[in-house]
Number of protein chains: 2
Amino acid sequence: MLYSIKQMAQMSGVSTRTLRYYDEIHLLKPTKTNEAGYRFYSTVEVDRLQQILFYRELNFKLSDIQRILSSESQSIQSILHTHYDALVEERNHIDSLIEAVEHTIAYHKGEIEMSNEEKFAAFKKKRIEENENKFGEEIREKYGEEAVEEANQSWMGMSEESYKEMQEIESELIERLKQFNQQKNQQKEDAKQIVMLHKKWLQYTWSTYSSEAHKSLADMYIADERFTQYYDEKAGVGAAQLLRDSILAYA
Amino acid sequence: MLYSIKQMAQMSGVSTRTLRYYDEIHLLKPTKTNEAGYRFYSTVEVDRLQQILFYRELNFKLSDIQRILSSESQSIQSILHTHYDALVEERNHIDSLIEAVEHTIAYHKGEIEMSNEEKFAAFKKKRIEENENKFGEEIREKYGEEAVEEANQSWMGMSEESYKEMQEIESELIERLKQFNQQKNQQKEDAKQIVMLHKKWLQYTWSTYSSEAHKSLADMYIADERFTQYYDEKAGVGAAQLLRDSILAYA
DNA sequence: AATAAAGGTTTACGTTGCGTAAAGGTCAAG
DNA sequence: CTTGACCTTTACGCAACGTAAACCTTTATT
């Protein structure tokens, strides 16, 4: 008993396109073909197709099904387990997504009035993520995992008040740097002050301060254009260079 | 402060390709472009990108994100809810998949020694599915939902013994049909016997037998090439036609 | 100022599993 | 001999980019 492609499709509930595709990728070949190229399937292929569809419903990729159907139970086992693990992980992922969407919905409803602290915490978290993406890799290489972790921890632990202080210190630092940058006769004392301010600012997140690390950081300021741009824009062109030199001299 | 595409990418942790793609689909355009075509982004785009990534992590499609970011909270609500429902459904689906894969694993381990009855049940289930795909629609139209349901039920309720009897009856039917088909002088009595056997065979699954339905079914035998092929192959060319005529005459 | 290195651009194919035409042969039936 | 019904191959479309090719700009270095 031979089935035409359409009969085969109707019997199994798939499209003829699917059968041609499976032929194309060598997943399921017809027993024979016509002189005209017509495909014909026997009961052997019907059974194989049933198996394919079984695994397909379990979300297996066709390439995996391919391997399953042409391998010993040994590797079938491992494929099944791998797939199982992937499914479990996916479920966990979706679970967390569901939770997150629930929160988002509640937030949009206005049901969750974010408190100031929560907003601040979210803000800090965002900053850390940004910094991680910006410099995380380089900094970890230079100062090690723990230093970075510690810095992030102290960031997250920082109160809104401390943050304001830190901001103010930075403002002063920049103001001084600006003036210093415009001076004709630059005073040693001014440079020292600036370095002090910068140190103070750093220590808000960098509990294990050392002058070595400070100098090393200063080098990065120049090496990385993003630092340079930041200070040059805020305190005038050359400010980053000036800050670096000052740190190297007086840290 | 303007960011180059690479800076933007590093800050947010996406690839430059992604940013170009988002530009291409009008999801995130740079604030300005160079004479040379270089893209530059401002903090506005940084924030928008953050939002995009937020929703992207929740598995939203980019087209949905597009709509979310450019619509009032009214439609945001509905998009969120739709997405939420989809996620829940997906989780349920995955849960069932996990269960199924567990079973499959156990089966492959040989832990589940399928009893004969279970095997038989699985076999019957498979037959029904095949039949549903083959003829389900047509038969439902002709005989109604209940008739089909009932037939399937009696199928599923059938014991292995009954099934063997049924098989034997079919064997005899086919044997008789074959001989009848080869006879020169076909005897009325032989035809009647054949119809009887077919009726008996039918009644294993068709508890509400009527000669009307039997005749109607006979017409289908000829109309559907799959029936025709089946009987012609088993009992010789012309057997299907013969069976039909007999049924019409003596049912 | 010339050159190398780094970064930018567009174009386009590959991925997964088919759906959906388009253009054109083949086969059984009237 | 002509319909239809069914078959074939070819090929674009989808989602969200990864990857590579070929080539132009900007920045850094000599």
Side-chain angles (χ1 to χ4, degrees), chain A residues 2-41 49 52-53 55-67 83 86 90 222-226 228-229 232 237 240-241, chain B residues 2-41 49 52-53 55-67 83 86 90 222-226 228-229 232 237 240-241:
Chain A
L2 292 182
Y3 302 96
S4 73
I5 194 169
K6 189 161 200 199
Q7 289 176 339
M8 185 78 166
Q10 285 184 341
M11 280 171 51
S12 55
V14 303
S15 71
T16 59
R17 173 69 175 97
T18 298
L19 290 175
R20 289 197 196 93
Y21 180 63
Y22 288 175
D23 184 1
E24 188 185 331
I25 64 173
H26 312 293
L27 179 56
L28 181 69
K29 299 248 170 218
T31 12
K32 57 169 285 186
T33 56
N34 219 347
E35 332 78 60
Y38 283 33
R39 296 169 175 81
F40 291 97
Y41 299 88
L49 181 53
I52 292 172
L53 296 182
Y55 287 109
R56 193 182 68 164
E57 275 181 31
L58 299 185
N59 267 18
F60 281 88
K61 298 203 303 183
L62 295 185
S63 55
D64 283 338
I65 297 179
Q66 182 82 276
R67 287 165 52 211
H83 189 62
E90 200 179 334
I222 300 304
D224 193 301
E225 57 179 301
R226 289 164 298 188
T228 315
Q229 274 183 26
D232 280 12
V237 176
Q241 184 69 40
Chain B
L2 292 182
Y3 302 96
S4 73
I5 194 169
K6 190 162 201 199
Q7 290 176 338
M8 186 77 166
Q10 286 185 341
M11 280 172 51
S12 55
V14 302
S15 72
T16 59
R17 174 68 174 98
T18 299
L19 290 175
R20 290 198 195 93
Y21 180 63
Y22 288 175
D23 183 1
E24 188 184 330
I25 63 171
H26 312 293
L27 178 57
L28 181 70
K29 300 248 168 220
T31 11
K32 58 169 286 187
T33 57
N34 219 345
E35 332 77 60
Y38 283 33
R39 295 169 175 80
F40 291 98
Y41 299 87
L49 181 53
I52 292 172
L53 297 182
Y55 287 109
R56 193 182 69 163
E57 274 182 32
L58 300 184
N59 268 18
F60 280 89
K61 297 202 301 182
L62 295 186
S63 55
D64 283 338
I65 297 179
Q66 182 82 275
R67 286 164 54 211
H83 189 61
E90 201 178 334
I222 300 304
D224 192 301
E225 56 179 303
R226 288 164 297 188
T228 315
Q229 273 181 26
D232 279 12
V237 177
Q241 183 70 38

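Keep in mind that what you see is a predicted model, and the values were worked out from it rather than measured. A, B, ... follow the sequence lines: proteins, then strands. Residue 1 opens every chain.
I25(B) places its CD1 atom 10 Å from the P atom of dA15(D), with the value rounded to the nearest Å. For D23(A) and dT9(D), the CG to C1' distance is 12 Å, given to the nearest whole Å. We find that CE of M8(B) is positioned 13 Å from P of dG8(C), with the value rounded to whole Å. One atom, CG of L19(B), and another, P of dG8(C), lie 10 Å apart when rounded to the nearest Å. Rounded to a whole Å, the CD atom of Q7(B) is 13 Å from the C1' atom of dG8(C). Following rounding to the nearest Å, Q10(A) (CD) and dC6(D) (C1') show an atom-to-atom distance of 11 Å. In this entry the distance linking OH of Y22(B) with P of dA15(D) reads 14 Å, nearest Å.
For the pair A9(B) and S15(B), the tightest heavy-atom approach, listed with the atom from each and the gap, is CB-C, 4.1 Å. Summarising the geometry of S12(B) relative to M8(B), their closest heavy-atom pair is OG-O, 2.8 Å, with the distance given to 0.1 Å. Among all heavy-atom pairs drawn from L19(B) and L49(B), the shortest one is CD2-CD2, 3.9 Å.
Interatomic distance, T18(B) OG1 to L28(B) CG, rounded to the nearest 0.5 Å: 11.0 Å. Distance check: R39(A) CZ to T33(A) OG1 gives 8.5 Å after rounding to the nearest 0.5 Å. Once rounded to the nearest 0.5 Å, the distance linking CD of Q7(B) with CD of Q10(B) reads 7.5 Å. The CE atom of M11(A) sits 15.0 Å away from atom NZ of K6(A), with the distance rounded to the nearest 0.5 Å. The structure places CG of L27(A) at 5.0 Å from CD of Q66(A), a figure rounded to the nearest 0.5 Å.
Within the 4.0 Å cut-off from OP1 or OP2 of dG8(C), not a single side-chain nitrogen or oxygen of R39(B) is found. Note on R20(A): every side-chain N or O is 4.0 Å or more away from OP1 and OP2 of dG17(C).
At least one donor-acceptor pair closer than 3.5 Å links the side chain of T31(B) to the backbone N or O of F40(B).
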When the side chains of residues 55-65 of chain B are checked against the rest of the protein, which donor-acceptor pairs come out under 3.5 Å, sequence neighbours left out?
unit_1, atom_1, unit_2, atom_2, d
Y55(B), OH, H108(A), NE2, 3.3
R56(B), NH1, Y22(B), OH, 3.4
D64(B), OD1, R67(B), NH1, 3.0

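DNA chain C is contacted by both E24(B) and S4(B); S4(B) maps to the nucleotide lying nearer its 5′ end (nearest heavy atom per residue).
Where the helix from dA1(C)-dT30(D) to dG30(C)-dC1(D) starts and where it ends, the local axes point in directions that differ by 40°; five pairs per end, rounded to 10°.
For residues 26-37 of chain B, proximity to DNA chain C is found at G37(B), defined as any non-hydrogen atom under 4.0 angstrom from a strand atom. Taking every heavy atom of residues 57-65 of chain B and every atom of DNA chain D, pairs under 4.0 Å involve K61(B), L62(B), by number.
You'll find the side chain of L2(A) reaches within 4.5 Å of the side chain of K32(A), heavy atoms only.
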Return the polar atom pairs (N/O with N/O) between nucleotides 1-5 of chain D and the protein under 3.5 Å, or none.
none

Pick out the pairs of N or O atoms, protein on one side and nucleotides 19-21 of chain D on the other, that lie under 3.5 Å.
unit_1, atom_1, unit_2, atom_2, d
dT19(D), O4, R17(B), NE, 3.0

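Among the atoms of the strands shown, none is found under 4.0 Å from any heavy atom of F40(B). If you check every strand for non-hydrogen atoms under 4.0 Å, T16(B) touches nothing. Here I5(B) lies in heavy-atom contact (under 4.0 Å) with sugar-phosphate atoms only.
Picking from dG17(C), dT10(C), dT8(D) the nucleotide with the shortest atom distance to the side chain of Y21(A) gives dG17(C). Checking dG17(C), dC17(D), dC7(D) against the side-chain heavy atoms of T18(B) singles out dC17(D) as nearest.
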